[in-house]
Number of protein chains: 2
Amino acid sequence: MGKRGKADRRTVLLNYKLWLSSITGNGKIGDDTYNILNLIDQKGSLKAVADELKISYRKAWGHIDDAEKILGYDLTEKSRGGKEGGQSKLTLQGKKLLEAYNSLHKRFDETFEEAYTEFKSKISNNSK
Amino acid sequence: MGKRGKADRRTVLLNYKLWLSSITGNGKIGDDTYNILNLIDQKGSLKAVADELKISYRKAWGHIDDAEKILGYDLTEKSRGGKEGGQSKLTLQGKKLLEAYNSLHKRFDETFEEAYTEFKSKISNNSK
DNA sequence: AATCGATATGCAAATATAAACCTATCGATA
DNA sequence: TATCGATAGGTTTATATTTGCATATCGATT
């Protein structure tokens, strides 16, 4: 056996990112936004989501606000006031977006796995 | 016919990005780097590549330097001095990386096209 | 009408990323 | 051995992105 083993080789990682944008280009809808939408669906409040994710309400709100501006329609139905202070829930379109994104992402993940394996085998320096 | 046509709807774009990184995380090998590598192969000089791309030599050099640090081996063979000042050409491993990246990217592009089409059809608000 | 907790935003501060600047080094050729 | 053009890289400037601060609004309930 040689001096170096598998674990000794430098590990190179493949990464990819997926997002939606408007044609004008400001703001994007990426994993963070989808994550927030998903949690809104579970918790019914943006504040609760922000706490859960340990991010500021301002930040969470910004993601959703950006997303709705990009798409041009509401993903969430908001209400204010009352004993509970208010709440946020997904609109029908918000749910549709989440579902569509999930299958989109899944498809990319599959491609990623396959392509990465092939890529590494092509790259590996298997000369004697 | 209604008030709005296809062209009137807000256009939402899907985007993706692909890159390599080291486990330690500083620097990345993305499209820019691959583009530079490809041009080095054609032109035989990093300076010529920088001019072609209208970027600074410093920037082009930085991309290659980062990439070689991430991978832990040379992608280019450099020489200095002489009437021509010097030159850069791809190493065998550099060429292998380029090829591997091309098929990787192609595969992602295919997935992208298919998935995007499906995504849009799911998202489109085709209620009456 | 006073309260309370979540929604709603402008704006400033802090980071991170990228671009530009400048100076040094190398070495085949003349 | 003087030159010239490309490689090499530290340092600074500019720009973009992100994070956080502070304050206002809303309205069912009490």
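Within every chain, numbering begins at 1; the chains are lettered A, B, ... in the order of the sequence lines, protein sequences first and strands thereafter.
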| query | How close or far is atom C1' of D:dT19 from atom NE2 of A:H63, stated in whole angstroms? | reply | 11 Å

| Whether over 12 other heavy atoms sit under 6.0 Å from A:K89 NZ | no

| task | Evaluate the side-chain proximity of A:I55 to A:D32: yes if any heavy-atom separation is below 4.5 Å, no if none is. | result | no

| side-chain contact (heavy atoms from CB on, under 4.5 Å) between A:S103 and B:K122, intermediate numbers included | CA-CA 10 Å; A:S103 67; B:K122 284 184 184 170; 2.8 Å; yes

| note | If pairing means Watson-Crick or G-U wobble with both distances under 3.5 Å, then the partner of C:dG27 is D:dC4

| request: Going 5' to 3' through nucleotides 22-30 of chain C, assign each nucleotide B (protein heavy atom under 4.0 Å from a base atom), S (under 4.0 Å only from sugar-phosphate atoms) or - (no protein heavy atom that close). | output: ---BBBB--

| request: Please work out which residues in residues 43-57 of chain A have a non-hydrogen atom less than 4.0 Å from an atom of DNA chain C and list them by number. | output: A:S45, A:L46, A:K47, A:Y57

| request: Could you please spell out the steps behind the side-chain contact (heavy atoms from CB on, under 4.5 Å) verdict for B:H105 and B:F108? | output: CA-CA 5 Å; B:H105 203 280; B:F108 265 83; 5.6 Å; no

| said: Less than 4.5 Å apart, side chain to side chain, heavy atoms only: is that true for A:L46 and A:I36? | reply: yes

| Evaluation steps, side chain to side chain donor-acceptor pair (under 3.5 Å), between B:T76 and B:K78 | CA-CA 6 Å; B:T76 58; B:K78 305 94 169 174; 3.2 Å; yes

| query | Do any side-chain nitrogens or oxygens of B:K78 fall under 4.0 Å of OP1 or OP2 in D:dT7? | reply | no

| field | Flag, side chain of B:Y116 to backbone of B:L14, donor-acceptor distance under 3.5 Å | value | yes

| task | Send over the distance from A:W19 CH2 to D:dT17 C1', rounded to a whole Å. | result | 15 Å

| query | C:dG10 C1' sits how many Å from A:D65 CG, rounded? | reply | 12 Å

| Rounded to the nearest Å, what distance is computed from the CD1 atom of residue B:I40 to the C1' atom of nucleotide D:dT7? | 11 Å

| task | Using the closest heavy atom to pick a nucleotide of DNA chain C for each, name whichever of B:K28 or A:G86 lands nearer the 5' end. | result | A:G86

| Do B:Y16 and B:T111 come within less than 4.5 Å of each other through their side chains, counting heavy atoms only? | no

| request: Test side chain to side chain donor-acceptor pair (under 3.5 Å) on A:N15 and B:S21 and set out the steps. | output: CA-CA 7 Å; A:N15 316 267; B:S21 65; 3.1 Å; yes

| When you check the phosphate oxygens OP1 and OP2 of D:dA8, does a side-chain N or O of B:W61 lie under 4.0 Å from one of them? | yes

| query | Are B:Y73 and B:L75 close enough, and set up right, to give a side-chain contact (heavy atoms from CB on, under 4.5 Å), and what steps lead you there? | reply | CA-CA 7 Å; B:Y73 54 81; B:L75 297 169; 4.0 Å; yes

| request: Check the distance between C:dA6's C1' and A:K89's NZ and give it to me in whole angstrom. | output: 16 Å

| Contact list for DNA chain D against residues 68-76 of chain A - heavy-atom distance below 4.0 Å | none

| task | List the steps, then state whether side-chain contact (heavy atoms from CB on, under 4.5 Å) holds for B:L20 with B:L97. | result | CA-CA 11 Å; B:L20 294 178; B:L97 182 72; 4.3 Å; yes

| query | Between D:dA28 atom C1' and A:E84 atom CD, what is the distance in whole Å? | reply | 10 Å

| Whole-Å distance separating the CG atom of B:N26 from the C1' atom of C:dT17 | 14 Å

| Can you check the A:K59 NZ to C:dA14 C1' distance for me, whole Å? | 14 Å

| query | Does the B:N38 side chain pair with the main chain of B:Y34, one donor and one acceptor, at a distance under 3.5 Å? | reply | no

